[in-house]
Amino acid sequence: MSANSANTDAQQLKRTRIKLAAWWEANARDLPWRFGRTSPWGVLVSEVMSQQTQMSRVVPYWTDWMARWPDAQALADAPKADVITAWGRLGYPRRALRLQECARVVTEQYHDELPHTYEELIGLPGIGDYTASAVLSFAFGKRIAVIDTNIRRVLSRVFLGVESLGGAASPAERALANRVLPEQSGAGESVTWNQSVMELGAVVCTAKSPLCEACPVADDCMFLKLGRPGLGQRRTRPRQRFQGTDRQVRGLVLAALRELPAGASLPRKDAGKLWNDQVQLASCIASLDDDGLIEITEDDMLRLPQG
DNA sequence: CTCCCGTACT
DNA sequence: AGTACAGGAG
C-alpha cells in the first residue's frame with residue numbers, strides 16, 4: 001500500500017467520523033435509555049431486551065420493567081413467575097430468567113453495582129461479547145469496539161465494499177472495528193461512534209434495502225462505489241422454519257401458563273390439548289422444566305416457577 | 001453449528 | 001412464504 005492511499009484512507013475515516021457524528025446529533029432516535037437518562041443497570045436491561053428483538057417492540061416493555069424493578073436488587077427479589085409474565089411476548093423467555101440470575105449475582109457479589117470490566121461482565125448470566133461491550137461503551141463511556149450485526153454490516157460495506165457474511169464475527173471484522181474506533185481524545189468519541197454506526201445500520205444501512213440516498217457517508221462508502229455487489233446476500237444459512245418446531249410448542253405452553261391467574265397451575269392433561277403431537281409436547285414440557293421456565297408439581301401440574 | 005421466540009416487514 | 005431482528009449458551 002502506498003503512502004498516498006494510506007493517507008487517503010485516513011482522510012476518508014476522518015470525514016466518515018465527522019459526518020456520522022453530525023448525523024447522529026440530528027437523527028438519533030429518542031429511546032428512553034439513551035442520553036444519560038437511565039442507570040447502567042437500565043442500559044443493561046435495554047440491551048438484553050434488544051437481543052434479537054426490534055427496538056420498537058422493546059420500548060414499552062423496558063419502560064414498564066424499569067418502573068417495576070428499577071435496579072438489580074429489585075429484580076433479584078422478584079418471584080420468577082412475575083419476571084416471566086412481565087417478559088410477555090418479547091420472545092426468547094430464557095433471557096428473562098438469565099437477566100434475573102444476572103441481577104442476583106450483581107446484588108450478591110457486586111453490591112448492586114454493575115462491574116466495570118469486560119471480564120467480569122461477560123461472566124454474568126446472559127451477557128456475552130456484544131452486551132458486555134455495549135454496557136462498557138454506552139453505560140460507562142469506556143473505549144471499546146462494540147460488534148453486533150448492524151456494525152459488522154456497516155463497517156464491512158463502508159470500508160471494505162462487501163457484505164458481511166457468516167455466523168460469528170471473524171478476526172478480520174474485529175480488527176477492522178478496532179482500527180476505525182476513534183481514539184478517546186475528548187468527550188466520548190468512541191461511544192458516539194459505536195452508537196451512530198449501529199443506528200445507521202438499524203435505520204439507513206439496512207440488510208435488504210439500504211437507503212443510500214439518505215446516507216450521510218454515501219460519498220465515502222466503498223460498497224456504493226462498487227455498485228453494491230451482492231446486496232442482500234444471505235448473511236446466514238436459511239433459518240429453521242418456525243411452524244411445528246419445539247420453539248412454537250414451548251411458546252404455546254408458556255403462553256398458556258402466563259394466562260393463568262397468579263399462582264395457578266395447569267393439569268398436564270389440559271396441557272395436552274395445546275398440541276397434537278403428545279411426544280413432542282412432553283419433550284418440550286421437560287425442556288421448559290430443565291430451563292427453569294416452568295415447574296412440574298408432585299401431582300403433575302404445570303405452573304410458572306415460584307420464588 | 002444449533003437451538004431458542006415473537007413480530008413486522010418484503 | 002420467507003426473512004430479519006442491538007445475541008447467548010450448549
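Quick caveat: nothing in here was measured; it's all calculated off a predicted structure. Here is the naming used below: chain letters follow the sequence lines, and residue numbers restart at 1 for every chain.
- For the pair Arg247(A) CZ and dC5(C) P, the computed distance is 15 Å after rounding to whole Å.
- The 5' end of DNA chain C is approached more closely, in terms of each residue's nearest nucleotide, by Ala207(A) than by the other of Ile127(A) and Ala207(A).
- A donor-acceptor contact under 3.5 angstrom links the side-chain atoms of Gln54(A) to the base of dG6(B).
- Atom-to-atom, CG of Leu252(A) to P of dG6(B) comes out at 8 Å; the value is rounded to the nearest Å.
- The distance from atom CH2 of Trp62(A) to atom C1' of dA6(C) is 15 Å, rounded to the nearest whole Å.
- Within the nucleic acid shown, Arg98(A) comes within 4.0 Å of sugar-phosphate atoms alone, with no base atom in reach, counting heavy atoms only.
- Checked against dC5(B), dA6(C), dG7(C), the side chain of Gln52(A) finds its nearest nucleotide in dG7(C).
- Here dC5(B) is the nucleotide among dG8(C), dG6(B), dC5(B) with the atom lying nearest to any side-chain atom of Arg250(A).
- dA9(C) atom C1' lies 14 Å from atom CG of Leu97(A), rounded to whole Å.
- At dT7(B), one or more side-chain N or O atoms of Arg89(A) fall inside 4.0 Å of OP1 or OP2 (strictly under the cut-off).
- In terms of modelled atom types and a separation under 3.5 Å, the side chain of Thr245(A) and the main chain of Phe242(A) share a donor-acceptor contact.
- Judged purely by distance below 3.5 Å, without hydrogens or angles, the side chains of Gln280(A) and Trp275(A) pair a donor atom with an acceptor atom.
- The closest side-chain donor-acceptor pair between Ser196(A) and Glu199(A), if any, does not fall under 3.5 angstrom.
- Using a 4.0 Å heavy-atom distance criterion, Ser209(A) is classed as making no nucleic acid contact.
- Toward the 5' end of DNA chain B, the nearer of the two residues Arg94(A) and Ser56(A), judged by each one's closest nucleotide, is Arg94(A).
- Panel note: side chain Asn27(A), backbone Trp23(A); a donor-acceptor pair is recorded below 3.5 Å.
- Atom CD in Gln248(A) sits roughly 9 Å away from atom P in dG6(B) (whole-Å rounding).
- A heavy atom closer than 4.0 Å to some atom of DNA chain C occurs in Arg29(A), these being the qualifying members of residues 21-29 of chain A.
- Checking side-chain atoms of Arg104(A) against main-chain N and O of Ala76(A) turns up a donor-acceptor pair under 3.5 Å.
- Between the P atom of dG6(B) and the CG atom of Leu254(A) lies a distance of 7 Å, rounded to the nearest Å.
- Using a 4.5 Å cut-off between side-chain heavy atoms of Ile, Leu, Val, Met, Phe, Trp and Tyr, with links allowed through other members, Met66(A) and Leu114(A) fall into the same hydrophobic cluster.
- Taking the side chain of Phe242(A) as heavy atoms from C-beta on, and the options dC5(C), dA6(C), dG6(B), the nearest nucleotide is dG6(B).
- If you look at Trp65(A) and Trp87(A), their ring centroids are closer than 6.0 Å.
- No side-chain donor-acceptor contact under 3.5 Å links Arg153(A) and Thr206(A).
- Each of dT7(B), dA6(C), dC4(B) was ranked by its minimum atom distance to the side chain of Tyr92(A); first place goes to dC4(B).
- Atom CE in Met55(A) sits roughly 13 Å away from atom C1' in dG7(C) (whole-Å rounding).
- For Lys208(A), taking side-chain heavy atoms from C-beta onward, the closest of the listed nucleotides dT7(B), dA6(C), dT3(C) is dT3(C).
- Taking the nucleotide of DNA chain C with the nearest heavy atom to each of Thr53(A) and Leu124(A), the more 5' of the two is matched to Thr53(A).
- Side-chain nitrogen and oxygen atoms of Arg95(A) include none within less than 4.0 Å of the OP1 or OP2 phosphate oxygen of dA6(C).
- Between the P atom of dC4(B) and the CG atom of Asp290(A) lies a distance of 12 Å, rounded to the nearest Å.
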